[in-house]
There are 2 protein chains.
Amino acid sequence: MKASQFFISTLKEAPADAEVASHKLMMRAGLIKKLGAGIYNYMPMGLRVIRKVESIVREEMNRAGAVECTMPVVQPAELWQETGRFDKMGPELLRIQDRHGRDFIIQPTSEEVVTDIARQELRSYKQLPKNLYQIQTKFRDERRPRFGLMRGREFIMKDAYSFDRDQASAKASYQVMAQAYRRIFDRFGLTYRAVAADSGAIGGDLSEEFQVIAATGEDAIVYCPGSDYAANMEKAEALAPAGPRPAAAAPMTRTPTPGKATCAQVAELLNVPLATTVKSLVLATDETNEAGEVVQSQVWLLLLRGDHDMNEIKVSKVSGLDKGFRFATVAEIEAHFGAKPGYLGPIGLKQSVRIVADREVAVMADWICGANEEDYHITGVNWGRDLPEPDAVADLRNVVAGDPSPDGKGELAIERGIEVGHVFYLGTKYSRAMDATFLGEDGKPAFFEMGCYGIGITRLPAAAIEQNHDERGIIWPDAIAPFTVVICPIGMDRSQEVRAAAEKLYGELLAAGVDVILDDRGERPGAMFADWELIGVPHRITIGDKGLKEGQVEYQHRRDSATTKLGVAEVFAYVKERVKV
Amino acid sequence: MKASQFFISTLKEAPADAEVASHKLMMRAGLIKKLGAGIYNYMPMGLRVIRKVESIVREEMNRAGAVECTMPVVQPAELWQETGRFDKMGPELLRIQDRHGRDFIIQPTSEEVVTDIARQELRSYKQLPKNLYQIQTKFRDERRPRFGLMRGREFIMKDAYSFDRDQASAKASYQVMAQAYRRIFDRFGLTYRAVAADSGAIGGDLSEEFQVIAATGEDAIVYCPGSDYAANMEKAEALAPAGPRPAAAAPMTRTPTPGKATCAQVAELLNVPLATTVKSLVLATDETNEAGEVVQSQVWLLLLRGDHDMNEIKVSKVSGLDKGFRFATVAEIEAHFGAKPGYLGPIGLKQSVRIVADREVAVMADWICGANEEDYHITGVNWGRDLPEPDAVADLRNVVAGDPSPDGKGELAIERGIEVGHVFYLGTKYSRAMDATFLGEDGKPAFFEMGCYGIGITRLPAAAIEQNHDERGIIWPDAIAPFTVVICPIGMDRSQEVRAAAEKLYGELLAAGVDVILDDRGERPGAMFADWELIGVPHRITIGDKGLKEGQVEYQHRRDSATTKLGVAEVFAYVKERVKV
């Protein structure tokens with residue numbers, strides 16, 4: 001490609017609404033152009049990146065035996081009503097009506113449609129396993145779209161769906177996909193981690209997220225540097241502390257803590273470690289009758305160490321809280337505790353409250369909690385002596401760096417990531433809802449065992465940039481760079497020698513299958529280099545009159561701090577060798 | 001590809017709602033699957049065809065210097081309000097609202113968005129010409145979607161838009177695209193015709209349709225077998241007859257024609273050629289005030305030969321009718337003619353009517369028309385003698401086969417076609433509406449001169465099938481076949497020799513870059529052949545035990561009536577030679 005034939009549009013400044021590096025740089029480098037909130041034109045430079053991402057994904061999906069199809073963007077509501085998602089999903093599901101007033105949705109994913117295809121087309125166990133995938137436009141009507149392609153409303157996703165005859169086969173299909181994902185992410189040339197994720201009620205351990213590591217990532221990733229353990233924060237287990245609970249040493253004492261309503265404030269006032277305090281979180285569960293009216297509510301007190309954070313997913317798995325819960329109202333809190341939030345604790349409750357202690361809290365001694373009286377806390381609290389053992393003990397908290405790894409192979413570390421892929425065992429959730437069966441070997445109908453597998457095609461470039469950029473711009477891995485090599489001739493319009501050398505090298509690289517662009521726009525060197533550093537093409541070759549007189553051109557990788565002088569005769573082989581595609 | 005790894009789903013019967021051959025065959029061959037009215041899943045077999053079409057289009061667009069981008073499916077209404085299309089377009093424009101109640105549309109084309117990009121990104125004449133294109137999902141909410149992908153609601157279109165600094169440059173850009181389209185359609189391997197089309201008020205002759213020739217086509221295509229003249233029916237000019245009007249020979253006679261209200265009935269009753277009758281079409285135009293109220297109406301009488309059909313596009317270009325017209329009401333007709341439709345004519349009108357005669361009628365003598373009296377016609381009517389010369393003479397009719405070609409090179413012929421591409425010079429229609437300007441060489445802002453260029457990516461396969469099928473199924477041209485070659489082994493599961501020979505040939509063809517599928521499903525020969533004949537793979541190689549014993553395999557092109565025996569050693573070279581991709 002010659003730059004004069006292409007569409008290059010760089011900006012000095014990012015628009016004001018661009019908050020994160022990838023959004024700013026994608027706008028400045030002219031990869032995308034905003035059309036509306038969360039809706040972007042993929043400009044020629046950006047589309048080249050997207051197409052390379054698609055192409056790697058497609059090759060590896062095909063290699064893994066998945067078969068490509070395309071399901072419509074606009075889908076009839078009927079199928080979505082079969083699974084109940086038409087009503088259950090929030091306003092992020094864009095609902096529309098056609099000219100005849102019939103309901104449709106714009107696909108955010110395609111479980112319903114693909115299950116509909118399967119129940120019609122896959123009639124026998126002999127046709128299984130099958131994996132159908134598409135690379136297609138999706139829409140989620142995010143309330144607050146932001147960060148450019150990171151959380152847009154319209155986006156491109158690769159979504160694959162596997163259909164199997166039984167769980168064992170479904171798990172094998174899942175593993176085939178998980179392996180394909182590893183190959184895909186390896187090929188992207190990004191630093192990533194496959195982390196175990198929560199799979200809800202079904203699926204056991206068969207849910208993994210593929211996270212591109214970046215300091216700016218939205219997700220906290222937990223991993224063990226000494227092993228291959230990795231999980232997302234929702235999933236990572238906080239082990240029960242080793243060893244028994246220490247014996248009580250301090251007397252229980254009502255202590256004035258005027259105006260100190262948080263654990264941190266109390267610890268500071270009393271000059272004790274935050275880890276000696278216990279925080280009280282009050283939840284409630286409702287029992288409803290057939291009309292959906294609340295007939296009875298139960299209040300729950302969750303106790304966590306002052307320096308720990310509650311993990312909602314874990315709480316939602318506690319028996320009794322697993323059908324849904326809410327935070328208690330202030331009225332409920334006052335009725336049960338006789339005090340306002342900020343001074344709550346498990347001692348001297350007015351009414352029946354079920355107490356669940358985090359594993360850590362369950363083995364603490366001489367701890368501090370609220371006194372259920374404004375401006376007072378209690379110190380030296382001990383289980384058994386000052387209050388009964390908790391009703392339940394569970395893992396309620398997010399792990400923190402330094403916690404023991406669940407695999408026993410060291411301590412956990414935490415880093416940030418951006419989720420760009422997800423593999424998930426679905427079981428029969430959709431096939432049951434849509435009565436999607438095949439004839440088994442025994443001649444009886446059976447529900448398909450399903451899995452689903454997504455990759456955010458348009459999110460991936462944003463994640464790649466969050467991981468790979470500097471103050472001058474983007475630094476693409478070779479595999480997904482809009483162009484792999486740029487040739488920058490200096491004074492091409494003045495010097496016949498420069499033009500000839502540039503055209504010759506351009507032709508050679510092109511013929512060798514290298515994705516090269518020749519900048520023939522006639523920009524001055526400073527502006528030209530700034531453009532390509534912003535756009536992030538990894539390999540640059542500069543050809544100028546001066547160098548040519550000495551038989552030399554300059555090579556610089558986008559990560560290099562200086563140029564390397566190369567003989568004109570050797571530059572082709574040198575670049576060809578360095579390009580990793 | 002091996003068939004067992006792929007997704008093959010053929011049907012014996014087409015669904016009842018499939019009316020045309022391409023729809024029936026695409027459903028039966030498992031290329032598409034209906035999801036809703038005019039909305040189809042592109043199944044793996046069909047998607048392969050679509051991808052090949054896309055790929056040819058993309059290569060040739062790139063070669064012609066167009067640059068690919070992607071514009072969103074969901075587009076904010078604001079831009080569509082700038083051009084007025086948000087309000088002017090009918091319900092085929094699918095309008096939606098997001099969760100915040102803001103108006104959006106689903107793109108049927110992207111003139112507004114691309115013009116918005118241009119007015120922001122193309123600031124100087126130095127950046128021109130530019131041509132941006134996309135291959136993207138479109139939606140038109142057709143009232144009556146039918147014929148499968150021929151007239152679907154959701155479809156894929158390639159739409160390109162050129163931006164130029166002046167008309168001369170815009171016309172050059174148009175020609176570049178017209179040439180690229182010829183290369184594209186040549187590569188598809190289809191019989192097609194580029195026909196001149198009407199370009200409305202602007203554009204002169206710069207509008208061509210690319211029509212795939214098929215007996216079942218919706219469009220009538222006019223061409224001259226002795227030259228390269230070709231136009232669609234709207235556009236094809238009916239020349240004024242050569243030679244002068246014959247002298248009057250018959251007396252004007254009021255003739256009873258009881259109950260004969262059509263020219264055909266009158267001609268039959270009077271036993272004269274239909275071409276001696278003249279039909280009367282009554283139109284009206286309205287003059288409105290600023291409030292849009294009709295303040296005055298004018299009635300028009302159009303006279304066409306009894307055997308000719310009115311051409312609305314041509315009528316809409318007659319001076320006085322070029323601002324819009326309607327058919328006159330029965331009340332208007334009775335007020336002006338004093339008679340009911342069926343017996344109307346230009347003689348003895350009650351009120352002022354403007355008379356426009358078709359070129360053919362203007363030179364007729366001794367003709368027959370209605371008497372403006374029920375159950376009566378007038379014969380022997382002659383211009384000048386019996387009524388004044390018409391107010392205007394114009395080309396008002398569709399040409400018919402045998403009419404002289406406008407280029408003077410013979411007689412016109414008519415065939416049917418399916419429109420799959422259109423190139424169109426837009427002028428400044430959109431750039432003016434959206435105030436889209438660039439800085440010209442003179443330092444002054446100027447409106448972009450634009451062109452637009454579409455190809456119906458998903459319609460093309462349907463058109464290809466209408467042109468290329470027989471009673472057994474589809475016959476694909478090599479370039480867009482889902483697979484170019486199929487290897488059908490007979491008894492692969494029983495015979496090691498057959499398996500080995502099939503696998504070897506499969507490997508060789510694959511390595512040579514041939515898109516080959518090996519049918520390893522273990523179907524019986526009859527069912528296997530029927531599948532591939534239905535699917536329409538052009539080249540088939542059958543490998544069986546019997547043949548192998550004699551060192552032979554069988555080759556059959558989908559159009560061949562019998563197989564050709566080939567030596568095992570020569571089959572690879574033979575097929576490689578015959579495959580035209």
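The two residues A/P482 and A/R48 come nearest to each other via the heavy atoms O-NE, 2.8 Å. When every heavy atom of B/V176 is checked against every heavy atom of B/A64, the shortest pair comes out as CG1-O, 3.7 Å. Of all the heavy atoms in A/G148 and A/Y40, the pair that sits closest is CA-OH, 3.5 Å. Nearest approach of B/K2 to B/I517, heavy atoms of both residues: C-CG1, 4.3 Å. Of all heavy-atom pairs spanning B/Y430 and B/E112, the tightest one is CE2-OE2, 3.9 Å. For the residue pair A/K158 and A/V57, the shortest heavy atom distance occurs at CG-CG1, 3.5 Å.
With a 4.5 Å cut-off on side-chain heavy atoms, A/I480 and A/I56 count as touching. Inter-residue side-chain proximity for B/I32 and B/M27 is flagged as met; some heavy-atom pair is nearer than 4.5 Å. Using a 4.5 Å heavy-atom threshold, the side chains of B/N41 and A/T70 count as separate. In this structure, A/Y42 and A/L149 have side chains that are in contact, with non-hydrogen atoms separated by less than 4.5 Å. A/M434 has its side chain within reach of A/L79: a pair of non-hydrogen atoms, C-beta onward, lies under 4.5 Å apart. Counting heavy atoms from C-beta on, the side chains of B/D141 and B/P91 never come closer than 4.5 Å. The shortest side-chain heavy-atom distance between B/L93 and B/F139 does not fall under the 4.5 Å cut-off.
With a threshold of 4.5 angstrom between heavy atoms, A/F6 approaches chain B through its backbone and through its side chain. Both the backbone and the side chain of A/E68 come within contact range of chain B, each with at least one heavy atom under 4.5 Å from a heavy atom of that chain. In this structure, the portion of A/R153 lying under 4.5 Å from any heavy atom of chain B is its side chain and not its backbone. For A/R521, no part lies near chain B; criterion is any non-hydrogen pair under 4.5 Å. When heavy atoms are compared at a cutoff of 4.5 Å, A/L122 approaches chain B solely by way of its side chain, counted from C-beta outward. Looking at A/L94, the atoms closer than 4.5 Å to chain B (heavy atoms on both sides) all sit in the side chain, from C-beta outward.
Contacts with chain A (heavy atom to heavy atom, under 4.5 Å) involve these residues of residues 126-137 of chain B, listed by number: B/K130, B/L132, B/Q136, B/T137. Below 4.5 Å, heavy atoms of chain A meet heavy atoms from B/V113, B/D116, B/I117, B/Q120, B/E121, all part of residues 113-121 of chain B. Contact residues of residues 71-78 of chain A toward chain B are A/M71, A/P72, A/V73, A/V74, A/Q75, A/P76 (heavy-atom distance under 4.5 Å). Listed in order of number, the residues of residues 101-110 of chain A that approach chain B to under 4.5 Å between heavy atoms are A/F104, A/I106.
Using a cutoff of 4.0 Å between basic side-chain nitrogens and carboxylate oxygens, B/E111 and B/R85 are scored as salt-bridged. A salt bridge does not link A/E13 with A/R28: none of the charged nitrogens is closer than 4.0 Å to a carboxylate oxygen. For A/D17 and A/R146, the salt-bridge test fails: no basic side-chain N is under 4.0 Å from an acidic carboxylate O. A salt bridge between B/K138 and B/D159 is present, with a side-chain N of the basic residue lying under 4.0 Å from a carboxylate O of the acidic one.
Most heavy-atom pairs under 4.5 Å with chain A: of the set B/R58, B/M1, B/R95, B/M45, this distinction falls to B/R58. Put simply, of A/G65, A/A66, A/G36, A/P44, the one with the most heavy-atom pairs under 4.5 Å next to chain B is A/P44. Comparing B/R143, B/Q97, B/M43, B/Q5 by heavy-atom pairs within less than 4.5 Å of chain A, the highest count is held by B/R143. Among the candidates A/R51, A/H100, A/E92, the residue making the largest number of heavy-atom pairs closer than 4.5 Å to chain B is A/R51. Between chain B and the options A/I39, A/I50, A/N62, A/L35, heavy-atom pairs under 4.5 Å are most frequent for A/L35.
Between the side chain of A/S4 and the backbone N or O of A/D520, no donor-acceptor pair lies under 3.5 Å. For B/S9 (side chain) and B/G30 (main-chain N/O), no donor-acceptor pair under 3.5 Å exists by modelled atom type. Of the possible donor and acceptor atoms, none in the side chain of A/R165 sits under 3.5 Å from a partner among the backbone N and O of A/L439. Using modelled atom types, no side-chain atom of A/D519 and backbone atom of A/A3 make a donor-acceptor pair closer than 3.5 Å.
Between B/F163 and B/F448, the distance separating the two ring centers is shorter than 6.0 angstrom.
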